[in-house]
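One structure is given below, encoded as structure tokens.
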Amino acid sequence: MKRRELVTLIVGAALAWPLAARAQQSRMARIGALYLGIADAEMFRRELREGLRELGYVEGRDLAFEFRSAEEKLDRLPELAAELVRLKVDVIVALYVPCALAAKQATRDIPIVILAGDPVETGIVPSLARPGGNVTGLSLMAAASNGKSVELFRDMLPSVRRVGVLGHATNPVYAKAMLEQVQQAGGPTGIEIQPVVMVRGPDEFEGAFATLARGRSDAVVVQGSLANKPVTDLAIRYRLPSASTPRAFADIGGLMSFGADGPSSVRHGAKFVQRILQGKQPKDMPIEQPTKFELAVNLKTAKALGLAIPSAFLQRADVVLD
């Protein structure tokens, strides 16, 4: 090769490299997001967007979102997860156990960031320290939080002797883990855990609360995937103090919520997305646990139920809604 041709080749390559690098850097990442569509859906979308914005990503320039909601119909999750896979998104963010399981079953290649309760107990990963495969993220420790709700009922309402459980039959893996934690909490507190009612959908809510009332429940622990307005309305109508893990449960009329702080957990999840977009592998990122939990009490609901919440208990609450 002649010297002039060699110089031309080198200069051309040098000029082309920055263009190629810029083209690669300007490629817009696609973030798939899979969620149940319950009361905290809006919070999830907002905080995921805001979390990535704070990390320097501009929607429409650096990334695009593909949000998919099951609209509270868990049987839609497999198809929604498969749709995100067909779209070839770069990362899937899955909120709660049913979404995490659906995403895991849909792909072994696309990285998945989970925000889910008890991922080891529910079979999402074999270990928090070594999740392996294509899954990483945050454990919300939701089953343990459901158990804590039993203790909180005892402290809030000393007359409580029996606490019922409202579980989701279409989410049996997590329901089992939740029930174990609630029953374990019942022993030391001297509270009987009865009855346990499992529902498949909204058409069974009314019958479920009638069963809880006939079973003489003094309060009810509600599985997080059932945190919606029809459930909180029925709890008030049947005069049953209710508790669940998502903060949104108290916002929409549940008496109490206790669990990992939702907004900060989602923003924490955004950091996992960032690491993956920077080239890190999920299998090399241990699943982390939340550092902030939040207790919220709805005084308007307490008034509707005719309850007087002790001031000492309210002082423990992070949020009091009135």
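Count residues from 1 along the sequence.
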Geometric class of the F293/F258 ring pair [parallel <30°, tilted 30-60°, perpendicular >60°]: parallel

Could you tell me whether the side chain of Y174 reaches within less than 4.5 Å of the side chain of H168, counting heavy atoms only? no

Passes side-chain contact (heavy atoms from CB on, under 4.5 Å), I191 versus R161? Steps please. CA-CA 5 Å; I191 292 175; R161 294 290 178 269; over 6 Å; no

Please lay out, stage by stage, how R267 and S264 fare under the test side chain to side chain donor-acceptor pair (under 3.5 Å). CA-CA 5 Å; R267 293 195 186 203; S264 66; over 6 Å; no

Rounded to the nearest 0.5 Å, what separation is found between the CD atom of E79 and the CZ atom of R68? 10.5 Å

May I ask you to test the N134-D109 pair for a side-chain heavy-atom distance under 4.5 Å? no

Within the distance-only criterion (no hydrogens, no angle test), does the side chain of R108 pair as donor or acceptor with the backbone N or O of Q105 below 3.5 angstrom? no

Shared hydrophobic cluster for F313 and L307 (ILVMFWY, side-chain gaps under 4.5 Å): yes

Test log, rule salt bridge (charged side-chain N to carboxylate O under 4.0 Å, His left out), inputs R275 and E288: CA-CA 14 Å; R275 294 169 199 161; E288 299 179 18; 3.6 Å; yes

Before you tell me yes or no, could you show the steps for R61 and M28 under side-chain contact (heavy atoms from CB on, under 4.5 Å), namely the whole-Å CA-CA distance, both residues' side-chain angles and the distance that decides it to 0.1 Å? CA-CA 6 Å; R61 185 193 72 186; M28 202 164 14; 5.9 Å; no

Please check this pair: side chain of S217 against backbone of V220, looking for a donor-acceptor N/O pair closer than 3.5 Å. no

Decide side-chain contact (heavy atoms from CB on, under 4.5 Å) for I276 and Q281; before the verdict, give the C-alpha distance in whole Å, the side-chain angles of both, and the deciding distance to 0.1 Å. CA-CA 6 Å; I276 289 168; Q281 297 297 314; over 6 Å; no

Any carboxylate oxygen within less than 4.0 angstrom of a Lys/Arg side-chain nitrogen, looking at E294 and K292? no

S244 side-chain N/O to V222 backbone N/O, donor-acceptor pair under 3.5 Å: yes

Under 4.5 Å between any side-chain heavy atoms of L152 and M256, yes or no? yes

Would you call L277 and V91 a side-chain contact if the rule is heavy atoms closer than 4.5 Å? yes

Report yes or no: does T245 contribute a side-chain atom to a donor-acceptor pair with the main-chain N or O of S145 at less than 3.5 Å? no

Determine, step by step, whether L314 and V297 satisfy the side-chain contact (heavy atoms from CB on, under 4.5 Å) criterion, reporting the C-alpha distance in whole Å, the side-chain angles of both residues, the deciding distance to 0.1 Å, and the verdict. CA-CA 8 Å; L314 292 176; V297 179; 4.1 Å; yes

When rounded to the nearest 0.5 angstrom, what is the spacing between OH in Y35 and CG in L48? 10.5 Å

Nearest 0.5 angstrom please: I38 CD1 to L95 CG, how far? 7.0 Å

Please test E206 against Y238 for side chain to side chain donor-acceptor pair (under 3.5 Å), starting from the C-alpha separation and ending with a verdict. CA-CA 10 Å; E206 180 83 39; Y238 278 85; 2.6 Å; yes

Which heavy-atom pair separates D40 from P246 by the least distance, and what is that distance? OD2-CB, 3.6 Å

Under 3.5 Å: donor-acceptor pair, side chain of R30, backbone of L87: yes

Mind checking whether M178 and L36 sit in one hydrophobic cluster, side chains of I, L, V, M, F, W, Y counted as touching below 4.5 Å? yes

Side chains of F272 and P111: closer than 4.5 Å at any heavy-atom pair? no

Residues E50, R46: salt bridge by 4.0 Å N-O rule: no

Audit row: D251, R247, salt bridge (charged side-chain N to carboxylate O under 4.0 Å, His left out) steps and yes/no: CA-CA 7 Å; D251 291 338; R247 157 65 191 277; 2.8 Å; yes

Drop me the distance from L34's CG to R76's CZ, to the nearest 0.5 angstrom. 10.0 Å

So if you build clusters from Ile, Leu, Val, Met, Phe, Trp, Tyr with side-chain heavy-atom gaps below 4.5 Å, do V173 and L128 land together? yes

Polar side-chain atom of D218 near backbone of R162 as donor-acceptor pair, under 3.5 Å: yes

Passes salt bridge (charged side-chain N to carboxylate O under 4.0 Å, His left out), D90 versus R27? Steps please. CA-CA 11 Å; D90 296 281; R27 176 186 174 274; 3.1 Å; yes

Distance (rounded to the nearest 0.5 Å) between Q184 CD and L179 CG: 10.0 Å

Are the side chain of K104 and the backbone N or O of I124 linked by a donor-acceptor pair below 3.5 Å? yes

CD (E42) with more than 12 external heavy atoms under 6.0 Å: no

So, do Q223 and L166 sit near enough that their side-chain heavy atoms are less than 4.5 Å apart? no

So which atom in S69 and which in L80 form the shortest heavy-atom distance, rounded to 0.1 Å? O-CD1, 3.4 Å

When you measure from the side chain of N171 to the backbone N and O of S225, does any donor-acceptor pair fall under 3.5 Å? no

Closest non-hydrogen atom pair, I236 against G253: CD1-O, 3.8 Å

Joint cluster assignment, L74 & I112, ILVMFWY side-chain distance < 4.5 Å: yes

Over 12 non-hydrogen atoms of neighbours within 6.0 angstrom of CZ in R130: no

Nearest heavy atoms of P188 and A185, plus distance in Å: CD-O, 3.5 Å

Check the pair N228, E72 against side chain to side chain donor-acceptor pair (under 3.5 Å), reporting the backbone distance first and the verdict last. CA-CA 9 Å; N228 56 42; E72 301 185 31; 3.0 Å; yes

Measure the shortest side-chain to side-chain distance between R214 and F209 over non-hydrogen atoms and say whether it is less than 4.5 angstrom. no

Do K271 and L55 touch side chain to side chain, with heavy atoms closer than 4.5 Å? yes

Would you say the side-chain atoms of D322 pair up with the backbone N or O of L299, donor to acceptor, closer than 3.5 Å? no

Specify the closest pair of heavy atoms between P286 and T136, including all atoms of both residues, with the distance to one decimal. O-OG1, 3.9 Å

Exam field: side chain E59 to backbone A64, donor-acceptor pair closer than 3.5 Å: no

When rounded to the nearest 0.5 angstrom, what is the spacing between CG in L305 and CG in L255? 6.5 Å

Closest non-hydrogen atoms of I114 and P119, given as atom of the first, atom of the second and distance, are CD1-CB, 3.7 Å

Kindly work out whether a path of hydrophobic side-chain contacts (I/L/V/M/F/W/Y, heavy atoms less than 4.5 Å apart) joins V89 to F44. yes

